[in-house]
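In what follows, every heavy atom counts, from backbone to side chain, and hydrogens, waters and symmetry copies are set aside. Along the sequence shown, residues are numbered consecutively beginning with 1.
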Amino acid sequence: KDNWLIKKKRLSIKNIELKINLNRFIMKKIKKIAGKTLLLLVMITSSFLFQSCAAIFSGTKDKIFINTTPPNADVYVDGKLLGKSGQDIILKRRYKNTREVNLRLEGYEDMNFGIDQEIAGAYWLNVPFCLAFVVPGVVGFIVDISTGAALKPKATEFNRVLIPKK
């Protein structure tokens, strides 16, 4: 009788050990699969959340300051009146190499100059998403170009002296 109980306990212990080892094996596999799934989920989600990087990280507007002598000239950018000289002017980004500025003040010659643009650094953040996920990456480029966020002014402060009319 004692032998039989001892054998039964040994079988029971071995059975428990097998179950523990099986559970450990299954948990390792689940962790491995879950880790890969989570990584894939993060990559896919971020590719949609962070497309159009320049629009998200550097915005679609810039603040410029144009100072004139004499002050209070009307400031037109690309033909649109945006304010007076001596004040901060909010400039909505456009996908143009140069923004045309026209300064007008009664009794003075109109002055024209260009604001050169450069590619916004955040625009290049679209590249990894384009390489990893082609469609969302391309969408990011398109959104940044269409909103104007891809380009920003090279300079944001300007000083100009207006010439009196003859």
Side-chain angles (χ1 to χ4, degrees), residues 27-166:
M27 289 306 293
K28 282 182 184 178
K29 290 294 182 185
I30 289 173
K31 285 180 184 178
K32 191 174 182 179
I33 292 169
K36 288 180 180 179
T37 304
L38 181 62
L39 177 64
L40 183 63
L41 184 62
V42 166
M43 289 174 65
I44 290 171
T45 303
S46 65
S47 75
F48 286 100
L49 290 177
F50 296 119
Q51 57 183 319
S52 69
C53 292
I56 293 170
F57 294 115
S58 65
T60 58
K61 296 179 182 175
D62 293 295
K63 190 183 334 180
I64 63 169
F65 185 81
I66 300 174
N67 190 40
T68 60
T69 303
N72 294 323
D74 290 331
V75 176
Y76 291 83
V77 178
D78 298 328
K80 184 177 178 185
L81 177 63
L82 294 183
K84 299 260 185 202
S85 63
Q87 304 171 348
D88 286 332
I89 295 173
I90 302 301
L91 184 63
K92 189 167 178 357
R93 290 187 181 178
R94 297 277 183 260
Y95 194 74
K96 296 174 77 175
N97 288 334
T98 303
R99 306 295 299 271
E100 299 301 323
V101 178
N102 176 259
L103 303 175
R104 298 178 192 167
L105 184 63
E106 195 167 325
Y108 292 85
E109 298 286 332
D110 286 0
M111 177 173 280
N112 299 307
F113 67 95
I115 299 176
D116 291 330
Q117 306 249 89
E118 64 186 359
I119 295 175
Y123 177 71
W124 297 113
L125 293 174
N126 288 311
V127 172
F129 293 113
C130 192
L131 295 175
F133 308 100
V134 175
V135 173
V138 170
V139 169
F141 283 116
I142 293 168
V143 169
D144 284 344
I145 290 170
S146 65
T147 61
L151 297 178
K152 66 176 187 163
K154 286 184 179 178
T156 56
E157 291 189 25
F158 305 90
N159 292 301
R160 299 291 187 264
V161 177
L162 300 178
I163 300 169
K165 284 184 180 178
K166 293 180 182 177

message: Within the 4.5 Å heavy-atom criterion, are I66 and V101 side-chain neighbours or not?
response: yes
message: Testing the basics here: between A149 and A120, what is the closest heavy-atom pair and its distance to 0.1 Å?
response: O-CB, 3.6 Å
- prompt: Should Y108 and P70 count as side-chain neighbours, where that means a heavy-atom distance under 4.5 Å?
  reply: yes
Note: D78-R99 ion pair, threshold 4.0 Å (strictly below): yes
message: Taking A73's backbone N and O only, do any of them form a donor-acceptor pair with S85's side chain (distance below 3.5 Å, no angle check)?
response: yes
Any side-chain heavy-atom pair of K63 and I89 under 4.5 Å: no
query: Would you call D62 and K92 a salt bridge, using N to O less than 4.0 angstrom?
result: no
- prompt: Is it the case that more than 12 heavy atoms not belonging to I163 sit under 6.0 Å from its CD1 atom?
  reply: no
query: Rounded to the nearest 0.5 Å, how far does CE of M111 lie from CZ of R104?
result: 14.0 Å
- prompt: Is there side-chain contact between E100 and V77, with heavy atoms separated by less than 4.5 Å?
  reply: no
- request: Kindly determine whether D88 and I64 satisfy side chain to side chain contact (heavy atoms under 4.5 Å, CB included), including the steps that lead there.
  value: CA-CA 6 Å; D88 286 332; I64 63 169; over 6 Å; no
Approximate separation, where rounding is to 0.5 Å, of T147 OG1 and Y95 OH: 11.0 Å
- prompt: Mind checking what makes side chain to side chain donor-acceptor pair (under 3.5 Å) contact with N112, not counting sequence neighbours?
  reply: N102
Which atom of V75 lies closest to which atom of K84, heavy atoms considered: CG2-C, 3.8 Å
- request: Side-chain contact test, heavy atoms from C-beta onward, threshold under 4.5 Å: evaluate it for L82 versus I90 and give yes or no.
  value: no
message: Contact between K152 and R93 at the side-chain level, heavy atoms closer than 4.5 Å - yes or no?
response: yes
Student check: side-chain heavy atoms of L151 and I119 closer than 4.5 Å: yes
query: Looking only at heavy atoms, what is the nearest atom pair of P71 and L105, with distance?
result: O-CD2, 3.8 Å
Close side-chain approach of L162 and T69, heavy atoms under 4.5 Å: no
query: Does N72 offer a backbone N or O that forms a donor-acceptor pair with the side chain of Q87 under 3.5 Å?
result: no
field: Ring centroid separation F158 to F113 under 6.0 Å
entry: yes
